[in-house]
Amino acid sequence: MSCYQPERNCKDFKTGKFSFKYKLNGETKTSTFMRTENYSIEKYDTKIDTAKVRWINDCEFVLTPSDNKTPIHYKILSTTSDSYTFEYGVVGKGHKSKGTATKID
């Protein structure tokens, strides 16, 4: 058994400017987003999405898009000095995905 506990300095990532790489139809894309205590503004392709941020605790939050689409739950699993690994999924659904966001400002 391992006693390793991942680093979780979640407060360092509550606000700021971040980038996130994802795959869409086999192509790697990058989105950037600015998160404040209350809002997240994401830019990807030629689109801009705004969502309300509701923090559950220092490491978990829910994003509710401004067009009232289904909210998405995020949980920060581990952090480094400039990035965090997280899992996310639609609220109320069992399927979760993972990603890593890098703080760029």
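Here NZ of Lys52 is found 12.5 Å from OG of Ser40. Values are rounded to the nearest 0.5 Å. Rounded to the nearest 0.5 angstrom, Lys14 NZ and Ile76 CD1 are separated by 9.0 Å. Taking OG1 of Thr28 as the start and NZ of Lys21 as the end, the distance is 7.5 Å to the nearest 0.5 Å. The line from SG of Cys10 to OH of Tyr84 is 10.0 Å long, rounded to the nearest 0.5 Å. Within the model, atoms CD of Glu37 and CZ of Arg54 stand 14.0 Å from one another, a figure rounded to the nearest 0.5 Å. In this structure, Thr50 OG1 and Met34 CE are separated by 12.5 Å, a value rounded to the nearest 0.5 Å.
Ile48 and Phe18 are assigned to two separate hydrophobic clusters, defined by single-linkage of ILVMFWY side chains at heavy-atom distances under 4.5 Å. A continuous path of Ile, Leu, Val, Met, Phe, Trp and Tyr side chains, each step under 4.5 Å between heavy atoms, connects Tyr44 with Phe33, placing both in one hydrophobic cluster. A single hydrophobic cluster is not seen to contain both Tyr39 and Val62; linkage of ILVMFWY side chains at heavy-atom distances under 4.5 Å, directly or through other members, places them apart. Leu63 and Trp55 fall within the same hydrophobic cluster, defined by Ile, Leu, Val, Met, Phe, Trp and Tyr side-chain heavy atoms under 4.5 Å apart, directly or through other members. Val53 and Phe13 fall within a single hydrophobic cluster, where Ile, Leu, Val, Met, Phe, Trp and Tyr side chains are chained together by heavy-atom contacts under 4.5 Å.
Nearest heavy atoms, Glu42 versus Ser31: OE2-OG, 3.0 Å.
Under a 3.5 Å cut-off, the side chain of Asp45 and the backbone N or O of Lys47 do not form any donor-acceptor pair.
Salt bridge present: Asp67 and Lys69 bring a charged side-chain N and a carboxylate O closer than 4.0 Å.
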Would you tabulate the side-chain donor-acceptor contacts of residues 86-105 under 3.5 Å, counting partners in other chains and residues two or more places apart, or write 'none'?
residue, atom, partner, partner atom, Å
His95, NE2, Ser97, OG, 3.4
Thr100, OG1, Thr85, OG1, 3.4
Lys103, NZ, Asp12, O, 2.8
Lys103, NZ, Thr15, O, 3.1

Evaluation steps, side-chain contact (heavy atoms from CB on, under 4.5 Å), between Lys11 and Asn9
CA-CA 6 Å; Lys11 287 182 181 183; Asn9 295 321; over 6 Å; no
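For the pair Phe61 and Arg35, the minimum side-chain heavy-atom distance is below 4.5 Å.
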